[in-house]
There are 2 protein chains.
Amino acid sequence: MAAEHSLTVKGAGGYGLTDQLSSRVPSIMKASPSRSVSGPAPDNREAIMLAAERVFARSGYDGSSMRDIAKEANVSQALLHYHFGTKEKLFDEIFSFRATEINRERGRHLDRLFADGAIPDLPQLIDALFRPTVELGHDPDRFGNFFSRILAASANSDDPHTKDLIAEHYDSTALRFISAFEKVLPGISREDAVWAYMFSIGVGMTMMARTGRTARLSNGICDDSDVELLLRKINLFVCGGLLKMAPAAKS
Amino acid sequence: MAAEHSLTVKGAGGYGLTDQLSSRVPSIMKASPSRSVSGPAPDNREAIMLAAERVFARSGYDGSSMRDIAKEANVSQALLHYHFGTKEKLFDEIFSFRATEINRERGRHLDRLFADGAIPDLPQLIDALFRPTVELGHDPDRFGNFFSRILAASANSDDPHTKDLIAEHYDSTALRFISAFEKVLPGISREDAVWAYMFSIGVGMTMMARTGRTARLSNGICDDSDVELLLRKINLFVCGGLLKMAPAAKS
DNA sequence: GTGCATTGACTAATCGATCAGTCAGGATAT
DNA sequence: ATATCCTGACTGATCGATTAGTCAATGCAC
């Protein structure tokens, strides 16, 4: 029974060990068929991120516990702290990874559409707005699009840190799309372009948070699991809204 | 007036004491000038609901603690359990009260618009869709529209109980609006009417979760605190989307 | 044997919920 | 009238469970 007071640390802020680890870029973060024969390395870090993504999508940030995530990933809870330090850093890393991936792809679409001074038509632009979020977040093996739910919850959050995450990862691409609206819709004011962008994102959120309400309200007629159909319907609606906000718009 | 217990609907549940209390309809739940002379009763029950509404709107359900709410309401934590039993019942009662109030008003608007077999024009119908949520949830004294944030979070939630709340309080009115879309937009399919309704709600969510992003993206040009302006912009966009989904639509 | 990955055991803090009990005030009995 | 009882409103203290986070010790590859 020696002095136990040596355990009373609590004050130290930094996680020197995990700080350098957190800069490691997760290789794929998607379940790949090659995993089963890829070798002895279990790569628990990636497994934790995938498990956490599922749990966060299901229960939200505050509703998810590190124990739940550890159990989902089949590792000990301490390992989560070893790899990510804190719950918040774990969430941030998932968010940053997915958001960077998605917005890189959205930027590529914009580059392609406006290459050589071309002016794309509106449906193409709207497709670039939504498709990467749907396709990159979609896990072909499993059922749901987990990050979309996280994104939808984050977009509506009032928490300052969550707002910062959105601003950091999504604002620059958002401004590119707003400018694109001004080019594709001649005569629209900057103000209305911003409104239209926010409204369009709102429409997309309906799709991202798959709650099953569409099927319920339609007695099963509407199938929101058919991604291509969904993108087509959304495109139609959003194009209609955008054209209506532009003063000189063709029907 | 003998048996008032006929109001005790909630049959299930184990809080015999609070069950009959929970049927008490909160008189106003909004700060009213008549409160100052209404009597000596401080009506802490109402104060708790108002405080909880603010805390839930700020931090979400899981992010809010009964201690936070008690402190916000300036009462003891035990009083929350005395009046509402559990945290979940407290949330449900707030949600039910506001949702009932809002959808009663939305129904009244629909009754008026379709009275005597009349067919309203689309902007009027869209106004009925959103205005009650904005106006009834809006506390003129204070700053924010707290219930709108709760509603936006609930609409995107994956939690079964939260989904049930939405379905219970919002589905019947939603079906009325979907049928109204079919009447106002001749030729639109039932399927597209459902899609259009969900998309319109998505647009409205942008307004309800006031995150300040619109102002940030527009360098302050867009002011989302001007409710009338916001309703006008939303109306324009949503009408455009709806007309585009109807086969025989006038521009 | 050196360094990274991993774990079980642990801590302090916080959670929702419960408890016994205080207090004011109205009804009842004498 | 006044002593007694009852009830609704309310609180401080505390419960067991759960939380995020810590740490010494172990496994293991090279």
Side-chain angles (χ1 to χ4, degrees), chain A residues 1-24 26 39-49 51-52 55-56 59-71 73-92 161, chain B residues 4-5 8 13-24 26 39-49 51-52 55-56 59-92 161:
Chain A
M1 302 300 180
E4 290 181 312
H5 65 279
S6 62
L7 289 178
T8 62
V9 193
K10 184 186 189 271
Y15 297 86
L17 183 63
T18 54
D19 265 345
Q20 52 181 358
L21 285 173
S22 68
S23 66
R24 261 182 42 188
D43 204 346
N44 277 329
R45 190 174 201 278
E46 187 183 318
I48 289 170
M49 288 181 74
V55 176
F56 281 140
S59 309
Y61 180 81
D62 287 311
S64 303
S65 73
M66 295 295 266
R67 280 176 168 76
D68 292 339
I69 297 170
K71 180 180 279 188
N74 285 315
V75 297
S76 71
Q77 184 204 339
L79 191 61
L80 311 198
H81 289 102
Y82 171 76
H83 280 298
F84 300 96
T86 68
K87 181 185 178 183
E88 189 175 274
K89 286 183 181 174
L90 169 58
F91 181 86
D92 290 357
H161 179 71
Chain B
E4 279 188 330
H5 65 281
T8 60
Y15 296 85
L17 182 64
T18 53
D19 260 346
Q20 52 180 358
L21 285 172
S22 70
S23 69
R24 264 183 38 190
D43 204 347
N44 277 330
R45 190 173 201 278
E46 187 184 320
I48 290 170
M49 288 180 74
V55 176
F56 281 140
S59 310
Y61 180 82
D62 287 310
S64 304
S65 74
M66 294 294 266
R67 284 174 174 80
D68 291 339
I69 298 170
K71 181 179 282 188
E72 175 87 11
N74 286 316
V75 297
S76 72
Q77 186 204 338
L79 189 60
L80 312 198
H81 292 283
Y82 170 78
H83 278 300
F84 301 95
T86 68
K87 180 185 178 183
E88 188 177 272
K89 286 184 182 174
L90 169 58
F91 181 86
D92 290 358
H161 179 70

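Order of the sequence lines fixes the chain letters, A, B, ..., with proteins taken first and strands second; residue numbering starts at 1 for each chain.
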What is the separation between atom [atom1] on [X] and atom [atom2] on [N], rounded to the nearest whole Å?
X: Asp62(A); N: dT14(C); atom1: CG; atom2: C1'; value: 13 Å
X: Arg67(A); N: dG21(D); atom1: CZ; atom2: P; value: 12 Å
X: Leu80(A); N: dA20(D); atom1: CG; atom2: P; value: 10 Å
X: Lys71(B); N: dT14(C); atom1: NZ; atom2: P; value: 10 Å
X: Met66(B); N: dT14(D); atom1: CE; atom2: C1'; value: 16 Å
X: Lys87(B); N: dC15(C); atom1: NZ; atom2: C1'; value: 8 Å

Approximate separation, where rounding is to 0.5 Å, of Thr86(B) OG1 and His81(B) NE2
8.5 Å
Inter-residue atom distance Leu90(B).CG - Met49(B).CE, 0.5 Å rounding
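Interatomic distance, Leu90(B) CG to Met49(B) CE, rounded to 0.5 Å: 7.5 Å.
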Would you please confirm or rule out a distance under 4.0 Å between OP1 or OP2 of dG21(D) and any side-chain N or O of His81(A)?
yes
Is the distance from OP1 or OP2 of dC4(C) to the nearest side-chain N or O of His83(A) less than 4.0 Å?
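No, no such contact exists.
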Passes side-chain contact (heavy atoms from CB on, under 4.5 Å), Phe84(A) versus Asp92(A)? Steps please.
CA-CA 10 Å; Phe84(A) 300 96; Asp92(A) 290 357; over 6 Å; no
To check you understand the geometry: which heavy-atom pair defines the closest contact between Ser64(A) and Val55(A), and what is its length?
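Nearest heavy atoms, Ser64(A) then Val55(A): OG-O, 3.2 Å.
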Of all the heavy-atom pairs spanning Leu80(A) and Ala70(A), show the shortest one and how long it is.
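Between these two residues, the closest heavy atoms are CD1-N, 3.9 Å.
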Quiz item: cation-pi between Lys87(B) and Tyr61(B), 6.0 Å / 45°
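Yes, Lys87(B) sits over the ring of Tyr61(B).
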Under 3.5 Å, N/O pairs linking protein and nucleotides 7-9 of chain C:
{"unit_1": "dT7(C)", "atom_1": "OP2", "unit_2": "Ser76(A)", "atom_2": "N", "d": "3.1"}
{"unit_1": "dT7(C)", "atom_1": "OP2", "unit_2": "Ser76(A)", "atom_2": "OG", "d": "3.1"}

